[in-house]
Number of protein chains: 2
Amino acid sequence: MVKPASKTRKTARAQPGKPGALDRLRDAGLRPTRQRVALAALLFDGHPHGRHVTAEMLFDEARRRGARVSLATVYNTLHQFTEAGLLRELVVDPGTSHFDTNMGDHHHLYFEDSGELRDVDAGGIAIKGLPPTPRGTEVASIDVIVRLRRR
Amino acid sequence: MVKPASKTRKTARAQPGKPGALDRLRDAGLRPTRQRVALAALLFDGHPHGRHVTAEMLFDEARRRGARVSLATVYNTLHQFTEAGLLRELVVDPGTSHFDTNMGDHHHLYFEDSGELRDVDAGGIAIKGLPPTPRGTEVASIDVIVRLRRR
DNA sequence: TCAATAGATTAGAATTATTCTAACTAAAGA
DNA sequence: TCTTTAGTTAGAATAATTCTAATCTATTGA
């Protein structure tokens, strides 16, 4: 028997070759619950260049698509995904955390007027002259944020 | 008549050659109210290398010294000082803003375990390979945060 | 197959961080 | 001095996030 194509598609299809939301969750050791699958699909499917969201943004988006999730669960899930290495938490803006689906080595442009956040690949960027890492510590990460304003 | 030396000193004395809290406020066009003078003294006097505070930290410190200030006023004042160019707001930690009295060009080391924040002079640091500034915008600032963890 | 158990997950409630605004205060002008 | 105006303060309100009790799900054993 052939599986019929679903009539209505609520989520964008995963990129060919990329794991779908379900596989991502399984690989990360997280139970693929209804809520997580819905959020993972919104975050990862159909966004080949990555995306930046706040908890509130993702919550609104999920609601608009008809997913039944609470805001608290969105927060919990974003943190679980971050711990699992699926997301990176960004702090650019006092008062809200942003989460970035791009896990590659990169930095950020932040447009202060609009709040837009854009990735800059770290490939071409070199930071010279940083002091040696203090004794007993290691570098967890280096964040570079270029803040832009309208001229 | 000669003004007698005060018996009890509640605040550290300003550095010789550096303006005291009162003058700083006047220069910035802010009324030197009781609350502001107390907070400015805590922030600037006796800290030649600058300091990093959160609103809560400064509030507690002010209270311990017997200053009558509300937490809301501490927040208001920190923002007024920031707008006046006396402070710089830092966002390193999701959930709290830090304010830095060092207005020179510098970056930060952030010790994730302890929450300590340390300045790194920008003098010796060069960032190469950043993309050109997008049309219609200018660089407001570049923040570099090196996040360190215990090894 | 089904029930019992343990552990994971969810979301309402609680907490924390911050902002807003009505009341107060100080400065400036008459 | 009195009045007016603008700046300032802090209690109350809001926004962002976390906590935890209740719920759900997977697993195990009968």
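Quick caveat, the model's predicted, so the values are computed rather than measured. To find a chain, count down the sequence lines: A is the first, B the second, and so on, and within it residues start at 1.
- Within 4.0 Å (heavy atoms only), B:Q80 reaches no atom of the nucleic acid at all.
- We find that CG of B:L58 is positioned 13 Å from P of C:dT18, with the value rounded to whole Å.
- Atom CG of B:L30 is separated from atom CZ of B:R36 by 4.5 Å, given to the nearest 0.5 angstrom.
- Among the heavy atoms of the strands, none lies under 4.0 Å from A:T54.
- Between A:H79 and the phosphate of D:dT18, there is a side-chain N or O to OP1/OP2 separation shorter than 4.0 Å.
- You'll find that the side chain of A:L71 is closest to D:dT17, out of C:dT9, C:dA27, D:dT17.
- Where B:L30 and B:A72 each meet DNA chain D at their nearest nucleotide, the meeting point lying more 5' is that of B:L30.
- In this entry the distance linking CZ of B:F99 with P of C:dT18 reads 8 Å, nearest Å.
- Relative to the side chain of A:T96, the nucleotides D:dA16, C:dA8, C:dT18 differ in distance, and D:dA16 lies closest.
- To the nearest angstrom, P of C:dT16 lies 14 Å from CZ of B:F59.
- Remark on DNA chain C: of its neighbouring residues B:G95 and B:N76, the 5'-side contact belongs to B:G95, judged by nearest-heavy-atom nucleotide.
- Residue B:L109 is grouped with residue A:L130 when hydrophobic side chains (ILVMFWY) are merged at heavy-atom distances under 4.5 angstrom, including chains of intermediate members.
- For B:S97, the listed nucleotide lying nearest its side chain is C:dT18; candidates were D:dA16, D:dT8, C:dT18.
- Which of C:dT9, D:dT9, C:dA11 sits closest to the side chain of A:T33 comes down to C:dT9.
- Inspection of the A:H108 and A:D119 side chains reveals an N or O donor paired with an N or O acceptor under 3.5 Å.
- Checking the phosphate oxygens (OP1, OP2) of D:dT8, a side-chain nitrogen or oxygen of B:R36 falls inside 4.0 Å.
- Rounded to whole Å, atom P of C:dT25 lies 11 Å from atom CZ of B:R68.
- Set against C:dA17, C:dA11, D:dA16, the side chain of B:E56 has C:dA17 as its closest nucleotide.
- Residue contacts for A:T73: at a heavy-atom cut-off of 4.0 Å it reaches a base atom on one of the strands shown.
- One atom, CZ of B:R26, and another, P of C:dA26, lie 16 Å apart when rounded to the nearest Å.
- Connection of A:L58 to A:L87 is established within a shared hydrophobic cluster, with ILVMFWY side chains joined at heavy-atom distances below 4.5 Å, either directly or through further cluster members.
- Hydrophobic clustering of Ile, Leu, Val, Met, Phe, Trp and Tyr side chains at less than 4.5 Å, counting indirect connections, unites A:V69 with A:L71.
- The CG-C1' distance, from B:D93 to C:dA17, rounds to 12 Å in whole Å.
- Between the CD atom of A:Q35 and the C1' atom of D:dT23 there is a distance of 11 Å, rounded to whole Å.
- In this structure, the OH atom of A:Y75 is 14 Å from the C1' atom of C:dA11, given to the nearest Å.
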